[in-house]
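Before any comments, here is the structure.
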Amino acid sequence: MGGQDRQKVRDETLKIEGWRARWLIAFGFQLLRLLGRTLRFEILDHAGIIGKPVSENYIGAIWHNRLLLFPFVLRRFFSNRSGAALISASHDGDLLALAVKRFGYDVVRGSSSKLGATAVLQLSNLLASHRDVVITPDGPLGPAYELGPGIIFLAQKTGAAVMPVNMEYSGCWRLKSWDRFIIPYPFSKVRVILGRPHRIKPTATIGEFQAEQRSLQEAMMSLVERH
């Protein structure tokens, strides 16, 4: 089954609309907030940007299965930075989009692996206006931990460096989804890891482009402790 077919089946399964959908999303957001209040966060800042004035804007890159708590990370560690997160336009992304907006970050809806022309334009404009953007380069349908071309196109178009981000948990559930999506246990410890900014080189051939994909994928995977 191809990616579009998997998305169609998933959307049909989750097709709850109107007030029921709004109620479920709002309820899910409140549960997420309650979970977030029980967690202990720590950060490893290899980029050296926490608590410092904003001197450069980045394309944040985090694997899809570690995305759930990212709104809390934005509020806790990046309150001095503004930007937007690219969230899947599927029903799966509705709860996360609400959480991101509630925590003061903007949302662009679209595929993070392929990046259509509209999404590229929106994200490019955000970076040009001195704001950050956040992308899950293996989302929304995977394969897990395989970097799609979209983030490379965006980095080359804008010249912005990519900031690899990872989160590790002292205890968690793993869903039976394509990426084994992670939900941390209440009262667990969350370790946020920021990698060093990664520059994407201009490319002239498919081989060079794929080499840049592999280089960034390796940089992101170097932060992952538990697959």
Side-chain angles (χ1 to χ4, degrees), residues 21-22 24-37 39 41-43 45 47 49-113 115-116 118-140 150-151 154-155 157-158 160-167 181-184 190-195 197-198 220 223:
R22 291 191 295 271
L24 284 173
I25 292 169
F27 180 69
F29 173 71
Q30 294 302 326
L31 286 179
L32 185 59
R33 287 186 64 186
L34 288 173
L35 173 63
R37 289 173 181 171
L39 302 174
F41 288 86
E42 67 176 28
I43 190 160
D45 180 16
I49 64 171
I50 300 298
K52 296 182 179 179
V54 179
S55 60
E56 184 177 359
N57 293 97
Y58 299 103
I59 302 170
I62 183 171
W63 296 122
H64 186 273
N65 62 8
R66 290 148 203 272
L67 189 60
L68 182 65
L69 295 181
F70 201 69
F72 295 91
V73 173
L74 291 174
R75 183 178 64 176
R76 189 180 187 93
F77 298 110
F78 300 101
S79 59
N80 65 324
R81 306 182 72 96
S82 63
L86 183 68
I87 305 295
S88 168
S90 68
H91 290 287
D92 299 43
D94 290 344
L95 171 59
L96 191 61
L98 174 63
V100 168
K101 289 178 181 177
R102 290 283 181 92
F103 289 141
Y105 226 63
D106 291 332
V107 169
V108 174
R109 304 301 295 267
S111 169
S112 50
S113 58
L115 279 189
T118 301
V120 168
L121 180 60
Q122 288 180 278
L123 296 172
S124 298
N125 288 340
L126 285 163
L127 288 162
S129 62
H130 308 293
R131 304 174 73 192
D132 301 314
V133 301
V134 178
I135 293 176
T136 55
D138 60 340
I151 193 170
L154 181 64
K157 176 179 174 59
T158 62
V162 179
M163 175 79 67
V165 181
N166 184 43
M167 281 183 275
F181 196 82
I182 298 172
I183 301 176
V190 182
R191 190 147 52 92
V192 183
I193 307 168
L194 301 184
H198 185 97
M220 292 185 65
L223 305 182

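Taking OH of Y105 as the start and CZ of R81 as the end, the distance is 7.5 Å to the nearest 0.5 Å. In this structure, CZ on R109 lies 14.5 Å from OG1 on T118, to the nearest 0.5 angstrom. In this structure, CG in L123 is found 5.5 Å from CG in L154, a value given to the nearest 0.5 Å. Rounded to the nearest 0.5 angstrom, I182 CD1 and L69 CG are separated by 9.5 Å. Separation of atoms CD (Q30) and CZ (R102) is listed at 6.5 Å; rounding is to 0.5 Å. I135 CD1 to I59 CD1: the interatomic distance, rounded to the nearest 0.5 Å, is 6.0 Å.
Nearest approach of A61 to V162, heavy atoms of both residues: CB-CG1, 3.7 Å. Contact record, P184 with L68: CD-CD2, 4.3 Å, taken as the closest heavy-atom pair. The two residues G195 and L223 make their nearest non-hydrogen contact at N-CD1, 3.7 Å. Nearest approach of P164 to M220, heavy atoms of both residues: CB-CG, 4.1 Å.
By the 4.5 Å heavy-atom criterion applied to side chains, L194 and Y58 are not counted as neighbours. You'll find the side chain of W63 reaches within 4.5 Å of the side chain of P137, heavy atoms only. At a threshold of 4.5 Å between non-hydrogen side-chain atoms, the residues D132 and F78 do not count as touching. The side-chain heavy atoms of R76 and V192, taken from C-beta on, include no pair separated by under 4.5 Å. Within the 4.5 Å cutoff, no side-chain heavy atoms of D45 are placed close to those of F77. At a threshold of 4.5 Å between non-hydrogen side-chain atoms, the residues T158 and V133 do not count as touching. L39 has its side chain within reach of F41: a pair of non-hydrogen atoms, C-beta onward, lies under 4.5 Å apart.
Considering V134, N57, I62, I49 as possible partners of M163, the one that fulfils the side-chain contact (heavy atoms from CB on, under 4.5 Å) test is I49.
The backbone N or O of H64 sits less than 3.5 Å from a side-chain atom of D138, completing a donor-acceptor pair. With R66 contributing its side chain and M167 its backbone, the two residues share a donor-acceptor pair below 3.5 Å.
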